[in-house]
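Here the structure is laid out as structure tokens; the discussion comes afterwards.
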Amino acid sequence: MTRIAIGVTGASGAIYAVRTMAALLDLGCQLEVVFSEYGRRLLMDELGAEAKVDRLGELLVSRYGDGIRRGTFALSSNKDLGAALASGSHRVDGMVVVPCSMKTLAGVAHGLSRNLIERAADVMLKERRRLVLVPRETPMSLPELRNMVAAAEAGAMILPAMPAFYQQPKTIDDLASFIAGKILNALGLEQRLFTPWKGA
Ligand SMILES: Cc1cc2nc3c(=O)[nH]c(=O)nc-3n(C[C@H](O)[C@H](O)[C@H](O)COP(=O)(O)O)c2cc1C
């Protein structure tokens, strides 16, 4: 079974996080999920008062259906630096931070490990496992751009939350599905969320 770590931080774009989680669960993945404090806040700010982390399963089923029950997820506290994800001996196949705030990007780029999300990301880099960062900010400062370069040089994939329009999206969910599909591909997984471009 594929085991994926997911960090959800306080950048705008909570919908990208839930769409990605649902798609991974649909594939039967085992997810290890960590929300930052602001990640929790933006989940509610952007998806409504019902979107509480402690009711994540219900939220995902109500938005994306029963298929998500093919996978499993477990939540860890971002403060728990003794959690399994903090250790390289704990096997996960990859990690995505979606959305990834500029603050967490900076922490990952500089190996700060101030919380479980940053530590787990650092573990991915040191163990040479897949790490996908999904930043969302605009415009970007020079330090933010440099942090992206530093993280990419360290081995992370920078996958900005930049949906494309050649799929002629009709809904916000179509936009989120495009980014979630790109994330699945970046994690080395099949995606059925949008039709790949086949050439003109
Ligand atoms: C409503 C709201 C929207 C935000 N949007 C963004 C954003 O899109 N990108 C970003 O980098 N930070 C954004 N922030 C700021 C981060 O939440 C803040 O820097 C926070 O400290 C990030 O911490 P974390 O990485 O531990 O979640 C936003 C904050 C709020 C309250």
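Remember, it's 1-based here, ligands and their atoms both numbered in the order they're listed. Sequence positions, counted from 1, serve as the residue numbers for this chain.
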(request) For ligand 1, list the protein residues that place a heavy atom within a distance below 4.0 Å of one of its atoms, sorted by chain and number. (result) T9, G10, A11, S12, S36, Y38, R41, L42, S101, M102, K103, T104, R136, E137

(message) Could you measure the distance from the CG atom of D173 to the OH atom of Y64? Nearest 0.5 Å is fine.
(response) 4.5 Å

(message) Once side-chain hydrogen bond (donor to acceptor under 3.5 Å, both in side chains) is applied, do any residues pair with R19, and if so which ones, sequence neighbours excluded?
(response) S177

(message) Tell me the closest heavy-atom pair linking I158 and P135, and the distance in Å.
(response) CG2-CG, 3.9 Å

(message) If you apply the rule salt bridge (Lys or Arg N to Asp or Glu O under 4.0 Å), what do you find for D45 with R41, and how did you get there?
(response) CA-CA 6 Å; D45 281 359; R41 172 178 165 172; 3.2 Å; yes

(request) Can you sort out the partners of S62 under side-chain hydrogen bond (donor to acceptor under 3.5 Å, both in side chains), two or more places apart, ordered by chain and number? (result) none

(message) Holding to side-chain hydrogen bond (donor to acceptor under 3.5 Å, both in side chains), I want the full list of residues that pass it with E46, two or more places apart in sequence or in another chain.
(response) S12

